[in-house]
Student: 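This structure is in structure tokens; I'll ask about it shortly.
Remember, predicted model here, so these are calculated numbers, not experimental data.
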Amino acid sequence: MKIGVMCATRKELEPLLKRLENKREEKRLLRDFVTGEIFGLTVTAVIGGVGKVNGAITAQELITGFGVEKIIFTGLAGGLDDSIKIGDVVIGSEILHHDLEMETMVNDQFPGMPTDYFRGDPELLELCKGLGQNLKFGRIVTGETFITTKERDGIIERFHPQCVDMESAAVAQVCWFFQTPLLVIRALSDNADEEVEGAYTQNGQWTVVSALDVVLRVLEALGSW
């Protein structure tokens, strides 16, 4: 089975790269795609960069260029739900843009595209159940900017999400077009408030380990399918 694993930044992917065996590297689209073996799977891992466009073109290259059958997108996110705390891991059961109305993307051009939200792959979501006490399943929203207190309340009121990031909805949109199963795994590094910059830097080093730990357990489970 061929699996694509993508992150936005190096610190989010480095622990996985160290675990891959028989690694070979190929540069495409100014990105280093590293393919190796783990748990009996062929995994292509890549740092895609920050933002929707970076996420989208990286996901498409994994699908069309490397032939991956499933994509796992992991990394850090800002929390928007008081019931979850920094270090918890959110599994995206629902993924949507908070800065773009879903209905405007569909019209008559793309029949069948969701007008509410993209859905995480049901089999992969089921696979995650029981993999950790700090796992939360819920809604992830995506936009092209870091969220602080100024924008936070409005996003919560409109979408009731658990966390926010800058890439997941774009990756989900690409996966919808290519009918490729997607699993989004995000660890909370901050609360998307006025402390976002300092918290992201301070907490990112240890919270990213929480997300990668879940990714490794998912890969191990997929290897036994």
Side-chain angles (χ1 to χ4, degrees), residues 1-28 31-49 55 58-77 87-93 95 118-138 140 165 167-168 171-172 174-176 178-189 204-225:
M1 185 184 297
K2 295 182 179 180
I3 306 295
V5 178
M6 57 182 289
C7 298
T9 65
R10 178 164 296 279
K11 68 181 177 181
E12 295 170 327
L13 195 63
E14 200 66 44
L16 173 62
L17 295 178
K18 293 178 180 178
R19 296 286 299 271
L20 294 180
E21 299 178 349
N22 304 317
K23 287 182 286 190
R24 53 268 190 200
E25 188 172 308
E26 185 173 348
K27 185 175 287 291
R28 300 187 188 184
R31 292 154 170 78
D32 296 320
F33 290 81
V34 180
T35 301
E37 279 73 48
I38 187 171
F39 303 124
L41 303 168
T42 298
V43 172
T44 297
V46 59
I47 301 162
T58 303
Q60 180 165 349
E61 185 62 22
L62 282 172
I63 296 167
T64 61
F66 289 88
V68 303
E69 300 165 60
K70 305 178 191 297
I71 288 181
I72 299 173
F73 185 34
T74 187
L76 302 176
D88 283 347
V89 176
V90 176
I91 308 295
S93 56
I95 308 155
F118 298 103
R119 293 157 177 79
D121 179 70
E123 288 187 345
L124 293 177
L125 291 174
E126 186 67 27
L127 189 67
C128 289
K129 292 181 179 178
L131 290 185
Q133 295 297 318
N134 65 335
L135 292 187
K136 312 294 182 181
F137 294 79
I140 297 174
D165 67 20
E167 301 87 20
S168 290
V171 173
V174 171
C175 288
W176 179 86
F178 287 95
Q179 300 181 32
T180 300
L182 172 67
L183 180 65
V184 178
I185 300 172
R186 290 287 189 169
L188 299 192
S189 60
Q205 295 299 326
W206 67 270
T207 55
V208 72
V209 176
S210 300
L212 260 297
D213 182 56
V214 177
V215 171
L216 288 170
R217 282 180 279 168
V218 169
L219 291 174
E220 185 175 15
L222 285 172
S224 65
W225 273 18

Student: Is it the case that the side chain of Asn134 and the backbone of Gly87 share a donor-acceptor pair, with hydrogens and angles ignored and the cut-off at 3.5 Å?
Tutor: yes

Student: Of all the heavy-atom pairs spanning Ile185 and Val215, show the shortest one and how long it is.
Tutor: CD1-CG2, 3.8 Å

Student: Donor-acceptor pairs are to be reported for all side-chain atoms of residues 36-44 against protein atoms at under 3.5 Å, with residues two or more places apart or in another chain.
Tutor:
residue: Glu37; atom: OE1; partner: Arg24; partner atom: NH1; Å: 3.2
residue: Glu37; atom: OE2; partner: Arg24; partner atom: NH1; Å: 3.1
residue: Glu37; atom: OE2; partner: Arg24; partner atom: NH2; Å: 3.3
residue: Thr44; atom: OG1; partner: Thr35; partner atom: OG1; Å: 2.9

Student: Counting C-beta onward and ignoring hydrogens, is there a side-chain heavy-atom pair between Phe73 and Arg186 closer than 4.5 Å?
Tutor: yes

Student: Distance from Cys128 atom SG to Ile91 atom CD1, nearest 0.5 Å?
Tutor: 4.5 Å

Student: Can you tell me how far the CG atom of Leu183 sits from the CG atom of Leu127, to the nearest 0.5 Å?
Tutor: 8.0 Å

Student: Go through the structure and list residues passing side-chain contact (heavy atoms from CB on, under 4.5 Å) with Lys27, not counting sequence neighbours.
Tutor: Asp32

Student: Ignoring hydrogens, what is the shortest heavy-atom contact between Ala45 and Leu16? Give both atom names and the distance.
Tutor: CB-CD2, 4.2 Å

Student: Run the side-chain hydrogen bond (donor to acceptor under 3.5 Å, both in side chains) test against Asp121 and tell me which residues pass, sequence neighbours left out.
Tutor: none

Student: Take Val184 and Ile95, measure what side chain to side chain contact (heavy atoms under 4.5 Å, CB included) needs, and give me the verdict at the end.
Tutor: CA-CA 9 Å; Val184 178; Ile95 308 155; 3.6 Å; yes

Student: For Glu26, is there an ion pair with Arg28 - N to carboxylate O distance below 4.0 angstrom?
Tutor: yes

Student: For Leu76 and Ser189, which heavy atoms make the closest approach, and how far apart are they?
Tutor: CB-OG, 3.9 Å

Student: Please report the shortest heavy-atom distance between Val171 and Ala59, naming the atom on each side.
Tutor: CG1-CB, 4.0 Å

Student: Taking C-beta and beyond as the side chain, do Phe66 and Val46 meet within less than 4.5 Å on heavy atoms?
Tutor: no

Student: To the nearest 0.5 angstrom, please state how far the CG atom of Leu62 sits from the CE atom of Met6.
Tutor: 6.5 Å

Student: Just wondering, more than 12 heavy atoms not from Gln179 lying within 6.0 Å of its CD?
Tutor: no

Student: Any idea which heavy atoms bring Leu182 and Cys175 closest together, and the distance?
Tutor: CB-SG, 4.0 Å

Student: Taking side chain as C-beta onward, heavy atoms only, is Leu124 less than 4.5 Å from Leu222?
Tutor: yes

Student: Look up atom CG in Leu212 and atom CG in Leu17, then write down how far apart they are to the nearest 0.5 Å.
Tutor: 9.0 Å

Student: Working to the nearest 0.5 angstrom, can you tell me the gap between Leu219 CG and Lys70 NZ?
Tutor: 12.0 Å

Student: Tell me whether Glu69 contacts the main-chain N or O of Lys2 through its side chain, where contact means a donor paired with an acceptor under 3.5 Å.
Tutor: yes

Student: What are the two closest non-hydrogen atoms of Ile140 and Gly92, and how far apart are they?
Tutor: CD1-CA, 3.6 Å

